[in-house]
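Residue numbers begin at 1 in each chain, while the letters A, B, ... track the order of the sequences.
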Amino acid sequence: MRDGVMKDGAITGGGFLLSPLPRAQYAALAEMRWRMLLNSLRTRRGNFELAARIVGIGFFSLLGLAMGAGLGLGAWRFASDGTLQFLPFLIWPVLFLWQLTPVMVASFQEHVDLSVLLRFPVSFGSYLLQYLVYGLFDISSILGGICLAGIWTGLVCARPNLVVWVTVVLMAFAAFNLLLTRMIFSWLDRWLAQRRTREILGMVFLFLILGVQLLNPAFYQHSGQQPGHRSRMTRSATVRTLRTADRIQSFLPPGLAARAIHKAARGHEIQALASLGGLALYACAAGSLLGLRLRAEYRGESLGEAPQRVTKPEETRGNAFDFAGPIGAVVEKELRYLARSGVMLYSLVAPLIVLFVLGRGSGAGFAANDGLPVGVAYGFLGLTRLVYNSLGGEGAGIQLYFLSPTPMRTVMLAKNLVHLGLFALELVVVCSIMVFRFGIPGTEILAATVCWLLFALPVQLAAGNVLSITMAYRMTLTRMSRDQGAAGNGLLSLLIQLLVFGVGVAVYLPLAHMEHARLAAPVFLVLAGGGAIAWLRVLSNADRMAERRKEALIQSLARTG
Amino acid sequence: MDTPAIVTRGLTRRFGDFTAVDDVTFSVASGQFFGFLGPNGAGKSTTIKMLTGLLEPTAGQIEILGQRFTASALDLKRQIGVVPEGMALLGRLTGSEYLRFVGRMYGLDRETTNRRTDELLEFMQLANEPKKLVTDFSHGMQKKLALAAAVIHGPKVLFLDEPFEGVDAIAAGTLKAMLQGMIHRGATIFLTSHVLEIVERLCSHVAIIHKGRLVANGSLEELRAGVAISLGESSGQKLTLEEIFLNVIGAETGEPAQELSWL
């Protein structure tokens, strides 16, 4: 009898992470993923999906390599010059990159829903481990890992004697980041899945945005004073602020990691160990919060929104959306779905938050002119999943569209109306943020942006309708996870958006260079005419396209497994 | 003579080299409760998908209510109701919202949709939990809701794919009462089910499909007589539908071919 295997063939020993049963389960999972990959290659769509993933990972890896090289050079310089006290300037960006990337690429990143494993005899430790292992393949982990590898290389090349310290500290920092990002996403999943917590989270988002808005005027409150006086005040205030910030950051994970390396380099091993211990404590705290969340999930927690039994029938007549006809019915249904999907709401809000957090207020006219079109284009990212996979949330309900006498073009038109309405809302918020942070843009760029939008919107809707029908993938509206098929659709939708933005740049910049920027608006209006024709053509062909793709659509959206 | 409600001629569907439905021809008279039976993988769901426009036939023709049926025959779609295999529910709506949505998709006016929704929810005993999302419904509740959605526009022909699967006795009773009521009012029902007792009680005519081919078709009495003759028994003996079914598809009722010693 082999170790851990009973004579009837049942593997035992499920108590530890690496005992025979979990090992067999890991192997089975790896084989399952591999078989799924191979099986997916049987179709053209599957091949495209794989190619899209390779392109996506390659792109982000190259981006990571560029950033890693830069950080590595910086680390090498600090270590060579003996100025390792500046190491936090390199490690903090890694933290922001690791934690903000999932927000920035929320529309393109695929997550695997591991709750399906809970029907099997999987121990909690194995479940947690699987959750973390899948996190290693996230874009944020790849980028963050490459950046840390760059810092490691720079430090070790300059100070080879620090190899052990640098390795241990940076690995601890990587573990902390992985645990933190997985912890944040697991809790977001939880909060966004239920209406009450979603509403609270929505308010937190709102206060966060308003809070960050207040930072700006607070920081520039002396801007109206005399230049000499202002510069003296600004200098002293900046020094005070930097000292305070340095004291605070030295107790936070990036500061602790940098401090551990700095102290080790100066031969203060005890202080280095203390900083490393602090970092480990943060990692343990993040891990504990993650464990708390996953433990509840492991015990069979349901994230469904089943409210208490209500005996009085709901009064539904006379509600605000109750206008007759299939278009009204689809619009109403879409809005109800949106309101009940925290994930979709999050996707809408995430780019706005990023736009605000990453935007740098200068108040100069140049930034104002740049900010508006970039902000408007970036704001559309929030609608990517809705527009480019508009049938993805239907699930088995997709069959209804084929069974009912309502043509698919009517359904797509209604969905597009909802998209336009949502984009109008996003536009108001984006413009408010842009004007508040960068000032009012010039008339020419404003006119060009508006006319570019008239071109970009119908083109995006047309492309979105085509991809929604031809490359639909099932979306789980209550969890931040998506099924296979998301990578190909996500990559193509990103490329189309880049192309549309590129057209804007290619038209505006040369004209602005020749001091004929006012001509950009009429050019965009001509292009807008073409975009509108394309959109109408796609709508009129929607039935034919859907009919051709009917079986694949039902298969990919209505399947339950 | 009345126009048949459903007619298929040489209906065939292939998936690559595999023929799921092979040259199936049958007719269902108006007002008939028609049972379509077959073992797992026989081609029942594929046939019903083709009959309702969810799947394109590789060959053959379909006529519903005397008109050639294609997926783009929108007027014809108004006259049929379907409970498909996956039930076609929208999980993030409440039962009431879903029925109102379906009613409007079928072109009913607002007042009619609202009235029928309330009546259907009451009849199906789904009115007690108006705020519950469909995704949180039990399987039986989802089946009842799917049936309610299939009939909200008052179809003349109703296609039901396994409507009693996973439904408790009380809910099944509700569904049966409703279906019989529809037959009394002249509708035609095309039903696939594995619950042969229910089919025997409800259906007047039955067709059996096996490995994609139609192997029996007729009234229950005709099938009984045919099987009795093939068994060499007197036609007066009352065979159950289960016996007819097993005899027609040639299944053996004895011991499994291989014993599972480890079980």
For the [atom1] atom of [X] and the [atom2] atom of [Y], what is their distance to the nearest 0.5 Å?
X         : Y         : atom1 : atom2 : answer
Leu74(B)  : Thr410(A) : CG    : OG1   : 8.5 Å
Ile398(A) : Leu54(B)  : CD1   : CG    : 10.5 Å
Leu90(B)  : Tyr401(A) : CG    : OH    : 6.0 Å
Met87(B)  : Gln399(A) : CE    : CD    : 10.0 Å
Arg104(B) : Glu332(A) : CZ    : CD    : 5.0 Å

Say whether, by atom type as modelled, one donor and one acceptor occur between the side chain of [X] and the main chain of [Y] under 3.5 angstrom.
X         : Y         : value
Lys550(A) : Glu56(B)  : no
Lys77(B)  : Phe402(A) : yes
Tyr337(A) : Leu93(B)  : no

Can you give me the closest heavy-atom contact between [X] and [Y], atom names plus distance?
X         : Y         : answer
Leu403(A) : Pro84(B)  : CD1-CG, 3.9 Å
Gly86(B)  : Ala396(A) : O-CB, 3.5 Å
Arg78(B)  : Pro405(A) : CG-CG, 3.5 Å

* **Heavy-atom check, side chain of Glu551(A) versus side chain of Lys49(B), under 4.5 Å** =>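 They are not in contact (no side-chain heavy atoms under 4.5 Å apart), so the answer is no.
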Proximal component of [X], with respect to chain A [non-hydrogen, under 4.5 Å]:
X         : value
Tyr98(B)  : side chain
Leu89(B)  : backbone
Met105(B) : both

* Asked: Side chain, backbone, both or neither: which part of Val330(A) has a non-hydrogen atom closer than 4.5 Å to chain B?
  ->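 Contact with chain B involves both backbone and side-chain atoms of Val330(A).
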